[in-house]
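Notes follow once the structure below has been shown.
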Amino acid sequence: MAGIVSAIALEVWLSTRKHLEEDDPLIVALDIVHWGQRLSTTSNYKVVRKMATEAGISKVMSPHRVRHSSITTALDATGGNVRAVQQLSRHAKPEIVIRYDDNRKDLQGEVTGVLSGLLGEDLG
């Protein structure tokens with residue numbers, strides 16, 4: 001449901017910005033001083049934190065944390081399709097997305113547990 005609401009909101013926003021060029025920012029400042037300019041890094045952080053708070057998320061959120069969560073969720077939803085998620089995330093190197101996938105699966109922890117079990121059997 002949230003995806004549909006987001007898509008509708010984005011569609012409405014785009015309809016108000018009729019003449020976008022390829023390099024134009026998608027989201028712009030609406031205050032008098034910065035009207036139409038790309039949002040600053042600080043503004044992006046403030047928007048993300050405000051929206052997270054309003055959504056009841058107690059964890060301190062940042063644009064990068066949202067991106068990280070999106071990539072991890074996309075990996076979950078696609079069964080770990082690294083290539084598709086690389087396209088979504090626009091990472092130049094698949095190794096970056098593979099790192100997200102490894103963290104998602106906790107492969108290091110899994111192998112550590114296996115090795116620990118083997119050591120325990122040898123010692124017992």
Side-chain angles (χ1 to χ4, degrees):
M1 181 68 160
I4 294 170
V5 172
S6 297
I8 292 169
L10 186 57
E11 190 173 312
V12 169
W13 175 251
L14 288 173
S15 72
T16 66
R17 306 221 34 230
K18 296 178 179 144
H19 304 291
L20 278 175
E21 299 294 326
E22 186 174 321
D23 290 336
D24 288 347
L26 179 61
I27 308 297
V28 295
L30 299 177
D31 64 278
I32 293 171
V33 176
H34 302 98
W35 184 269
Q37 295 178 20
R38 186 176 310 274
L39 289 181
S40 69
T41 302
T42 302
S43 294
N44 281 318
Y45 272 88
K46 287 179 180 179
V47 168
V48 167
R49 287 192 175 137
K50 181 178 184 217
M51 292 178 73
T53 301
E54 289 175 0
I57 299 170
S58 60
K59 185 185 287 189
V60 176
M61 295 300 288
S62 68
H64 181 75
R65 184 169 270 170
V66 171
R67 178 174 166 76
H68 181 91
S69 296
S70 299
I71 293 169
T72 302
T73 300
L75 285 164
D76 286 340
T78 63
N81 186 336
V82 171
R83 182 74 177 126
V85 176
Q86 179 191 1
Q87 292 297 306
L88 168 77
S89 67
R90 299 176 67 190
H91 278 295
K93 297 180 180 180
E95 292 83 6
I96 302 299
V97 180
I98 290 169
R99 190 177 313 145
Y100 280 96
D101 196 38
D102 288 348
N103 290 339
R104 175 182 72 93
K105 294 179 193 173
D106 190 24
L107 296 176
Q108 180 182 5
E110 184 180 320
V111 172
T112 300
V114 169
L115 292 175
S116 177
L118 291 173
L119 286 173
E121 289 176 13
D122 289 342
L123 298 172

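Side-chain contact check for T73 and S70: no donor-acceptor pair (N or O, by modelled atom type) lies under 3.5 Å.
Atom NZ of K59 is separated from atom OG1 of T53 by 13.5 Å, given to the nearest 0.5 angstrom. Going from atom NE2 of H68 over to atom CE of M61 covers 10.0 Å, rounded to the nearest 0.5 Å. To the nearest 0.5 Å, atom CD1 of residue I27 and atom CH2 of residue W13 are 6.0 Å apart.
Using a 4.5 Å cut-off between side-chain heavy atoms of Ile, Leu, Val, Met, Phe, Trp and Tyr, with links allowed through other members, Y100 and V82 fall into the same hydrophobic cluster. One hydrophobic cluster, built from ILVMFWY side chains closer than 4.5 Å, cannot hold both I71 and V66; they sit in different ones. Side-chain heavy atoms closer than 4.5 Å link hydrophobic residues (I, L, V, M, F, W, Y) into clusters, and following such links, even through other members, never connects M51 to I8. Under the 4.5 Å side-chain contact rule for hydrophobic residues, V48 and I57 share a cluster. A chain of hydrophobic side-chain contacts below 4.5 Å, direct or via other Ile, Leu, Val, Met, Phe, Trp or Tyr residues, connects L39 to L20.
In this structure a side-chain-to-backbone donor-acceptor pair under 3.5 Å is present from Q86 to A92. The backbone N or O of V60 sits less than 3.5 Å from a side-chain atom of R65, completing a donor-acceptor pair. Formation of a donor-acceptor pair under 3.5 Å by the T72 side chain with backbone atoms of S69 is not found in this model.
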Item to complete: Using the side-chain hydrogen bond (donor to acceptor under 3.5 Å, both in side chains) rule, take S43 and S40 through it: C-alpha gap first, then chi angles, then the decisive distance, then the call.
Response: CA-CA 5 Å; S43 294; S40 69; 3.0 Å; yes
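The number of heavy-atom neighbours closer than 6.0 Å to CD of E11, taken from other residues, nucleotides and ligands shown, is 12 or below.
Between S89 and R67, the closest side-chain pair of non-hydrogen atoms falls below 4.5 Å. Between T78 and V85, some side-chain heavy-atom pair lies under the 4.5 Å cut-off.
With salt bridges taken as basic N to acidic carboxylate O contacts below 4.0 Å, none links E95 and R99.
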